[in-house]
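Everything below concerns the one structure shown next.
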Amino acid sequence: MKKLLLLLTVTVFLGSAFFSIPIGGFQLYPLRMLLLTLIGILVFRCFIPGFRDVIWSSAKKNAYSVAFFFFWLCWSVLSVVWVQDDNAWLRAVIYLATAFLLVLLVSTYIRQEQDVFPLLRGVLMMSAFHSVIGWYEIITQDYLFSPRADFMRIYDLHVPVSIYGENEFAGLMFFTFFLSYGMFTHSKTKLNRLAYLLLMVNCVGLLIMGGSRAYQLAFLFGLAYLFFSMKRGKLTLLLCSVALVFAVPGVLEHLCTNLQFDFTPSDNNSTGIRINLLRNGLVFLGKTLGFGTGAGQIEYWMAYHAVYPTGGIIDIHNWWGELFVGYGFLIFFGYLVFYGKLFVDLRNKYRSNQDGLAQSFCCILAGFVVGSVSSSSNMSAEWTWLIFAIMIAYQGTHHPIQEKFTAIVSNNLKQ
């Protein structure tokens with residue numbers, strides 16, 4: 001089963017770019033095929049005595065996380081009562097169902113800390129694959145796989161995208177950097193450590209070349225958390241490594257140029273449009289009495305009910321705004337609790353065992369607060385849901401020493 005999960009990891013990063021079967025308005029591609037197969041196997045195994053409790057247990061630390069995603073999916077389905085665009089609602093529900101099923105599957109079959117390492121190696125392998133494509137695009141300015149290839153050529157944009165958009169690709173590099181660091185701390189061979197280190201340097205280069213300001217800020221937020229949470233010896237080594245990267249001519253200058261924001265109130269610049277998108281969202285939230293516009297409905301409301309000008313842009317371009325406006329107070333508050341609890345549990349895991357992987361997850365969560373506002377929407381980024389599913393599964397695992405201690409205490413109590 002774990003081999004199938006690894007195959008699922010690979011298909012997540014291929015999406016529908018290389019193979020897809022259109023069925024009406026629905027796209028069937030390898031990820032969805034394999035996901036449906038795995039869910040079928042999981043449902044079948046529910047009838048095996050003694051297995052049902054393993055699927056979800058209130059005693060596990062990630063119980064709330066799994067339950068929240070299920071509730072979020074149910075709320076999205078229920079929102080069909082007040083939605084105005086049925087097709088957009090169906091697409092949003094499918095993406096949320098994918099997110100929930102990934103969380104459920106990974107949490108079910110990842111029972112020990114070491115179980116996550118093969119999946120993370122798969123994630124990093126696929127990220128390296130997309131990195132190669134990204135460097136090819138920078139060097140040749142040839143966009144072979146991007147759905148926005150014509151747009152990139154027309155506007156002469158020389159940024160790495162692979163099969164994604166520029167912001168989503170930058171997000172992948174942000175995630176990959178800290179996942180590589182986490183795997184680096186658990187690696188026992190010099191060759192593996194060198195590979196993870198090179199992948200980290202690669203991510204910094206592509207992140208800067210990509211020009212996504214939000215994810216560059218997210219990277220700095222993640223580094224800041226890493227600095228403050230490390231012991232002195234390791235911190236010195238990390239500071240030297242970061243200083244070496246920024247000592248490369250042009251890197252620091254390029255980063256400082258990208259991080260210049262125009263906060264002048266205007267309906268024409270990027271910042272002004274984003275503010276107006278959020279202002280419209282708050283108007284929509286008020287009109288729906290705090291229940292939200294419904295799954296996938298923000299674009300419809302922005303196109304037909306906008307109060308403030310947005311320059312023709314209808315995506316809210318803010319993950320937190322999408323949650324708040326699209327799904328209302330209840331889901332937004334539940335998501336905040338989920339996010340905060342996930343961070344605290346992983347932080348505690350790091351502090352109790354000096355677990356570098358848990359520390360890297362915390363860096364991701366700290367930075368994603370900022371980086372998530374970069375893309376027009378994170379709902380369709382299936383690889384993001386997979387990484388969150390891995391973090392949630394890791395939240396519910398125990399350190400081998402803790403498991404051994406628990407087993408000894410349990411046996412003594414039985415006697």
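Treat the numbers as computed from the prediction; the structure is a model and nothing was measured. Position 1 is the first residue of the sequence; numbering continues from there.
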Starting from the C-alpha separation in whole Å, work towards a yes-or-no answer on side chain to side chain donor-acceptor pair (under 3.5 Å) for Arg279 and Asn276.
CA-CA 5 Å; Arg279 292 169 73 189; Asn276 282 348; 3.1 Å; yes
Can you say whether the rings of Tyr215 and Phe368 are parallel (under 30°), tilted (30 to 60°) or perpendicular (over 60°)?
tilted
I want to know whether Trp385 and Phe100 have ring centres closer than 6.0 Å.
no
Kindly assign one of parallel, tilted or perpendicular to the pair Phe174 and Phe178, based on the angle between their ring planes and the thresholds 30° and 60°.
perpendicular
Short question: side chain of Asn378, backbone of Ser372 - any donor-acceptor pair under 3.5 Å?
yes
Evaluate the side-chain proximity of Ser65 to Lys341: yes if any heavy-atom separation is below 4.5 Å, no if none is.
no
Does the ring centre of Phe177 sit less than 6.0 Å away from the ring centre of Phe219?
yes
Side-chain heavy atoms of Gln112 within contact of Thr397, under 4.5 Å
no
Please confirm whether the backbone N or O of Val123 pairs with a side-chain atom of Ser127, one donor and one acceptor, at under 3.5 Å?
no
Tell me whether Lys349 forms a cation-pi arrangement with Tyr394, defined as NZ or CZ under 6.0 Å from the six-membered ring centre and within 45 degrees of its axis.
yes
Can you find a side-chain donor-acceptor pair between Ser212 and Ser374 that sits under 3.5 Å?
yes
Below 30° counts as parallel, above 60° as perpendicular, anything between as tilted: where do the rings of Tyr164 and His130 land?
tilted
When you compare the side chain of Met125 with that of Phe13, does any pair of heavy atoms fall below 4.5 Å?
no
Does the Ser187 side chain pair with the main chain of Met183, one donor and one acceptor, at a distance under 3.5 Å?
no
Are the side chains of Trp320 and Tyr335 in touch, meaning some heavy atoms are under 4.5 Å apart?
yes
Sidechain-backbone polar pair: Arg274 side chain, Val373 backbone, donor-acceptor under 3.5 Å
yes
Check whether NZ of the Lys or CZ of the Arg Arg32 lies under 6.0 Å from the centre of the six-membered ring of Tyr95 and within 45 degrees of that ring's axis.
yes
Which residues pass the salt bridge (charged side-chain N to carboxylate O under 4.0 Å, His left out) test with Lys287, sequence neighbours left out?
none
Note, Gln84 side chain near Trp301 side chain (heavy atom, < 4.5 Å)
yes
Side chain Tyr339, main chain Leu365, donor-acceptor under 3.5 Å
yes
Pick one: which of Leu7, Thr11, Val10 meets side-chain contact (heavy atoms from CB on, under 4.5 Å) with Pro30?
Thr11
Please work out whether the ring planes of Phe338 and Phe68 are parallel, tilted or perpendicular, with thresholds of 30° and 60°.
parallel
Residue of the set Ile110, Leu38, Ile41 for which side-chain contact (heavy atoms from CB on, under 4.5 Å) holds with Leu105:
Leu38
